[in-house]
> 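Okay, here's the structure, questions in a sec.
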Amino acid sequence: DQGRVYVTFVVEPDGSITGVDVMRGGITDELNREAKRLVRSMPKWEAGEVKGDKVRARCRLPITFTLQ
């Protein structure tokens with residue numbers, strides 16, 4: 001079985017990730033928690049820029065899991 005979780009988060013100007021939330025959850029609460037953990041464990045992202053200034057950016061990421 002496969003499950004898909006949609007996670008939203010904010011990439012801060014320094015590239016760190018905050019505000020991780022499951023927008024549309026998977027099959028179980030455990031799957032949702034694992035999706036959040038996965039996003040929080042990612043390396044820093046490249047921050048967005050507007051006219052040369054780094055800005056916060058809200059992102060949405062689908063994560064597909066295979067349950068075994």
Side-chain angles (χ1 to χ4, degrees):
D1 288 339
Q2 283 192 334
R4 180 169 284 185
V5 176
Y6 289 87
V7 180
T8 61
F9 54 95
V10 175
V11 178
E12 298 293 339
D14 68 356
S16 63
I17 296 172
T18 62
V20 180
D21 195 26
V22 175
M23 203 172 127
R24 190 168 68 188
I27 298 167
T28 66
D29 288 340
E30 185 178 342
L31 190 62
N32 295 346
R33 282 192 299 275
E34 182 61 16
K36 285 182 176 182
R37 187 202 64 76
L38 179 67
V39 170
R40 287 185 183 117
S41 70
M42 288 189 223
K44 287 191 173 189
W45 286 46
E46 186 66 34
E49 289 190 21
V50 174
K51 297 182 182 179
D53 293 326
K54 301 224 182 235
V55 297
R56 297 174 82 203
R58 180 164 297 281
C59 299
R60 182 178 132 176
L61 181 69
I63 301 174
T64 301
F65 288 94
T66 300
L67 303 175
Q68 298 181 6

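Note that the structure is predicted; figures quoted are calculated from it, not measured. Note that these values count all heavy atoms, side chains included, but never hydrogens, waters or copies made by symmetry.
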> Run the side chain to side chain donor-acceptor pair (under 3.5 Å) test against D53 and tell me which residues pass, sequence neighbours left out.
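For D53 there are no side chain to side chain donor-acceptor pair (under 3.5 Å) partners, ignoring immediate neighbours.
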> What pairs of donor and acceptor atoms, side-chain ones from residues 34-46 against any protein atom, are under 3.5 angstrom apart with sequence neighbours left out?
{"from": "E34", "atom 1": "OE1", "to": "R37", "atom 2": "NE", "distance (Å)": "3.1"}
{"from": "E34", "atom 1": "OE2", "to": "R37", "atom 2": "NE", "distance (Å)": "3.2"}
{"from": "E34", "atom 1": "OE2", "to": "R37", "atom 2": "NH2", "distance (Å)": "2.6"}
{"from": "S41", "atom 1": "OG", "to": "R37", "atom 2": "O", "distance (Å)": "3.4"}
{"from": "S41", "atom 1": "OG", "to": "L38", "atom 2": "O", "distance (Å)": "2.8"}
{"from": "E46", "atom 1": "OE2", "to": "K54", "atom 2": "NZ", "distance (Å)": "3.3"}

> Supply the atom-to-atom distance T64 OG1 to Y6 OH, rounded to the nearest 0.5 angstrom.
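The distance works out to 7.0 Å.
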> Which residue, V7, T8, L61, V5, forms the side chain to side chain contact (heavy atoms under 4.5 Å, CB included) with M23?
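Of the listed options, the one satisfying the test is T8.
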> Remaining members of V50's ILVMFWY cluster at a side-chain heavy-atom cut-off under 4.5 Å?
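Besides V50, the cluster holds V55.
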> Considering non-hydrogen atoms only, spot the tightest contact between N32 and V22 and give its length.
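Taking every non-hydrogen atom into account, O-CG2, 3.7 Å.
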> For residues 9-17, which side-chain donor-acceptor pairs fall under 3.5 Å, sequence neighbours excluded?
{"from": "E12", "atom 1": "OE1", "to": "R56", "atom 2": "NE", "distance (Å)": "3.0"}
{"from": "E12", "atom 1": "OE2", "to": "T18", "atom 2": "OG1", "distance (Å)": "2.7"}
{"from": "E12", "atom 1": "OE2", "to": "R56", "atom 2": "NE", "distance (Å)": "3.3"}
{"from": "E12", "atom 1": "OE2", "to": "R56", "atom 2": "NH2", "distance (Å)": "3.1"}
{"from": "D14", "atom 1": "OD1", "to": "S16", "atom 2": "N", "distance (Å)": "2.9"}
{"from": "D14", "atom 1": "OD1", "to": "S16", "atom 2": "OG", "distance (Å)": "2.7"}

